[in-house]
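In what follows, every heavy atom counts, from backbone to side chain, and hydrogens, waters and symmetry copies are set aside. First listed ligand is number 1; within each ligand, the first listed atom is number 1.
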Amino acid sequence: MTLPLRIAVVGAGPAGIYAADILTSKDPESRVDIFDRMPTPYGLIRYGVAPDHPRIKQIIVALHRVLENERIRFIGNVHIGVDLKVDELRQFYDAVIFATGAERDRSLQIPGEDLSRSHGAAEFVSFYDSHPDREQTWDLTETRSVAVIGVGNVGLDVARMLARTADELLYTDIPPHVYEVLANSAVTDVHMFARRGPAQAKFTPVELRELDHSPNVQVLVAPEGMEFDAESQGSLSRSKSLRMVVDLLSEWAMRDPETGPQRRIHIHFLERPTEIRGENGAVVGLRTERQELVGDGTVRGTGEFSDWDVQAVYRAVGYRSEAIEDLPFDTRRLVLPNDGGRVLDLDGNPLPGLYATGWVKRGPVGLIGHTKSDAAETVANLLVDAPDLPRAPQRDPAAIDALLASKSLTVTDFAGWDRLDAHEIAAGRPHSRARVKVSSRAEMTEVASASR
Ligand SMILES: Cc1cc2nc3c(=O)[nH]c(=O)nc-3n(C[C@H](O)[C@H](O)[C@H](O)COP(=O)(O)OP(=O)(O)OC[C@H]3O[C@@H](n4cnc5c(N)ncnc54)[C@H](O)[C@@H]3O)c2cc1C
């Protein structure tokens, strides 16, 4: 008789939770423990999605339902590879699915990136989403004009969060220290720069339109960048969503600046940042080179440079995954090397019992919904392999708990998350807000373990 599967999922973001859900419904005998290095579940839904996207954050309601399944356990505040090695984990589980996501900024690789007030988007996102391990202070008092490099949805979030007034964000879950920083912001102009043309932008129509929703912000598009080559025309004829994006951008390119709104977002296409300029170690400008489309959607430099008077630069050119100790890592694609979710060694051979899903599997692109199909593929392959997977020697769920206790780790569980969740919701109630986030790890674990 084959023993029922015991699986560890590393990462309680959407990819990990969907994997646990699919696994336990396809194989009702299986048991899954989901580990996360944060005391809380939900990954970038909690620490990436912008505070003014409460509708997206509601996805946690469905994910919460998954975690209520008694065959799935949440084990928080355990950093795999640091607190617990992968080899240790494998003593307790027949297979491990890595769903560790992507949390850091990719580099832009231009001079000046290390200047003060040159920020990665992930740093700013972690600040306004109050990630307990990242910056708790931020200074916008000396930045009147800022550059945001990159025209994807993360760039839109950063531009929107810089442009909206603090009072407009008061209904969200931002804690008081984030509100204070935004309330004292000197920002009046946000310039977004794209190397390629409007038909190559990675915006989605809903997120782009949202930029223009605030009465305090006017969105303007520099008309000289609204160029299209043969490939752009082809892309436009194939994609309705792209046509919606380009129609909106074209409408904004015809606008005249208004005096009413306090802040402006300017979108510049076909401008490639070449240097972040500094004085006394801090950003004082951005140099860009004008680009032209060459016909196939790619661009080449024209040799015409512009200097932009900005006091801060936000680089939104993509997130990157980090290597996990004792596991192979594809340093070019910045993912766990894998084939359909089966983790491979650096020679391309499968490593039995190790799987990947979500952003660490396919790179940091795609919305939350995409992590579901990802998880379905990985779990299907795991279940094909399952009959041949050697069973882990230690099968009693209490055994892993005992090991964690012996390491003196302050582990959080699902009931603890419910306590913290209730605490945050209660903190928001007197101010008619959905919640106010706790942003210190010590306080989070204290509240989570309160009545144990
Ligand atoms: C700024 C930003 C805004 C976004 N906004 C939207 C949006 O509005 N709508 C939308 O649909 N999508 C949005 N996305 C995309 C969405 O967040 C991703 O598609 C999704 O979160 C990827 O899921 P994941 O589970 O692979 O990774 P993640 O959500 O990153 O989850 C990974 C989890 O693994 C944990 N972890 C990492 N390493 C370890 C380790 N060694 N040990 C233990 N745990 C570990 C992390 O703590 C984290 O909880 C946004 C992304 C970003 C970056």
Side-chain angles (χ1 to χ4, degrees), residues 8-20 33-60 63 74-86 89 96-106 120-129 131-134 150 152-161 202-204 206-207 210 314 316-327 329 335-336 341 356-375 378 409 411 417 441:
V9 171
V10 181
I17 297 180
Y18 284 135
D33 286 349
I34 311 185
F35 292 84
D36 205 289
R37 63 194 178 92
M38 300 307 295
T40 52
Y42 310 134
L44 282 173
I45 302 183
R46 185 170 161 94
Y47 292 118
V49 171
D52 60 345
H53 276 174
R55 200 178 47 79
I56 304 289
K57 287 190 186 265
Q58 279 308 304
I59 296 174
I60 65 174
L63 299 181
F74 170 67
I75 304 179
N77 216 25
V78 180
H79 193 164
I80 302 301
V82 177
D83 298 326
L84 198 61
K85 303 283 180 213
V86 174
L89 201 59
V96 184
I97 303 177
F98 292 91
T100 48
E103 290 181 288
R104 297 287 178 172
D105 287 294
R106 269 179 190 252
E123 293 170 43
F124 185 51
V125 168
S126 297
F127 165 72
Y128 66 60
D129 265 341
H131 193 298
D133 303 338
R134 306 282 159 73
N153 284 345
V154 174
L156 286 181
D157 280 353
V158 168
R160 201 180 63 252
M161 287 297 291
K202 295 201 166 54
F203 302 134
T204 44
V206 175
E207 280 72 17
E210 198 187 355
Y314 290 74
V317 292
Y319 272 48
R320 53 158 296 169
S321 298
E322 288 177 298
I324 299 166
E325 202 171 298
D326 300 326
L327 288 187
F329 193 64
V335 294
L336 261 179
T357 191
W359 274 17
V360 76
K361 170 187 175 185
R362 82 185 135 80
V365 282
L367 298 173
I368 294 160
H370 296 122
T371 62
K372 203 171 197 171
S373 42
D374 248 6
T378 296
L409 297 169
V411 172
W417 158 249
R441 197 179 262 264

Among all the protein's non-hydrogen atoms, which is closest to [atom], and how far away is it?
atom: atom 1 (C) of ligand 1; value: Gly48 O, 3.3 Å
atom: atom 49 (O) of ligand 1; value: Asp36 OD2, 2.6 Å
atom: atom 43 (C) of ligand 1; value: Arg37 N, 3.2 Å
atom: atom 37 (C) of ligand 1; value: Thr100 O, 3.2 Å
atom: atom 8 (O) of ligand 1; value: His53 ND1, 3.3 Å
atom: atom 24 (P) of ligand 1; value: Ala15 CB, 3.8 Å
atom: atom 19 (O) of ligand 1; value: Gly366 O, 3.1 Å
atom: atom 29 (O) of ligand 1; value: Leu44 N, 2.8 Å

Do ligand 1 and [X] have nitrogen or oxygen atoms that lie under 3.5 Å from each other?
X: Ile368; result: yes
X: Gly16; result: no
X: Ile80; result: yes
X: Trp359; result: yes

Between the candidates Ala12, Gly43, Ala99, which shows the shortest non-hydrogen contact distance to atom 32 (C) of ligand 1?
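Result: the heavy atom closest to atom 32 (C) of ligand 1 is in Ala99.
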Taking atom 27 (O) of ligand 1 as the point of reference, which of Pro364, Gly11, Gly101 owns the nearest heavy atom?
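Minimum heavy-atom distance to atom 27 (O) of ligand 1 goes to Gly101.
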Does ligand 1 have any atom sitting under 4.0 Å from a heavy atom of [X]?
X: Pro14; answer: yes
X: Ile324; answer: no
X: Val78; answer: yes

Shortest non-hydrogen separation from [X] to [Y] and the atoms involved:
X: Arg441; Y: Arg37; value: NH1-O, 3.0 Å
X: Leu89; Y: Leu84; value: CD1-CD2, 3.6 Å
X: Lys361; Y: Thr378; value: NZ-OG1, 3.0 Å

Sidechain-backbone polar pair: [X] side chain, [Y] backbone, donor-acceptor under 3.5 Å:
X: Asp326; Y: Val86; value: no
X: Asp374; Y: Thr357; value: no
X: Asp36; Y: Pro41; value: no
X: Lys202; Y: Asn153; value: no
X: Trp359; Y: Thr100; value: no
X: Lys372; Y: Tyr18; value: no

Have a look at ligand 1 and work out which part of [X], if any, has a heavy atom under 4.0 Å from it: side chain, backbone, both or neither.
X: Leu367; answer: both
X: Asp157; answer: side chain
X: Tyr319; answer: side chain
X: Thr371; answer: side chain

Which label fits His131 and Tyr47: parallel for a plane angle under 30°, tilted from 30 to 60°, or perpendicular past 60°?
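Rings of His131 and Tyr47: tilted, 30 to 60°.
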Evaluate the ring planes of Phe124 and Tyr128, with Trp represented by its six-membered ring, and classify them as parallel (under 30°), tilted (30 to 60°) or perpendicular (over 60°).
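Answer is perpendicular, since the angle exceeds 60°.
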For [X], the ligand 1 atoms whose distance to one of its heavy atoms is below 4.0 Å:
X: His79; result: 40 (C), 41 (N), 42 (N)
X: Gly358; result: 26 (O)
X: Met38; result: 47 (O)

Under the side-chain contact (heavy atoms from CB on, under 4.5 Å) criterion, do Val125 and Val158 qualify, and how do the steps go?
CA-CA 7 Å; Val125 168; Val158 168; 4.3 Å; yes
Does the protein place a non-hydrogen atom closer than 4.0 angstrom to atom 14 (N) of ligand 1?
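Under the 4.0 Å cut-off, atom 14 (N) of ligand 1 has no protein heavy-atom neighbours at all.
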Is atom 35 (C) of ligand 1 near the protein, in the sense that some protein heavy atom lies at less than 4.0 Å from it?
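Yes, there is a protein heavy atom closer to it than 4.0 Å.
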Can a salt bridge be assigned to the pair Glu325 and Lys85 using a cut-off of 4.0 Å between side-chain N and carboxylate O?
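Looking at Glu325 and Lys85, the cut-off is met.
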Are side-chain heavy atoms of Ile17 and Tyr42 found at a separation under 4.5 Å?
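In contact.
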Just do the side-chain contact (heavy atoms from CB on, under 4.5 Å) check on His53 and Glu210 with the steps written out, would you?
CA-CA 10 Å; His53 276 174; Glu210 198 187 355; 2.7 Å; yes
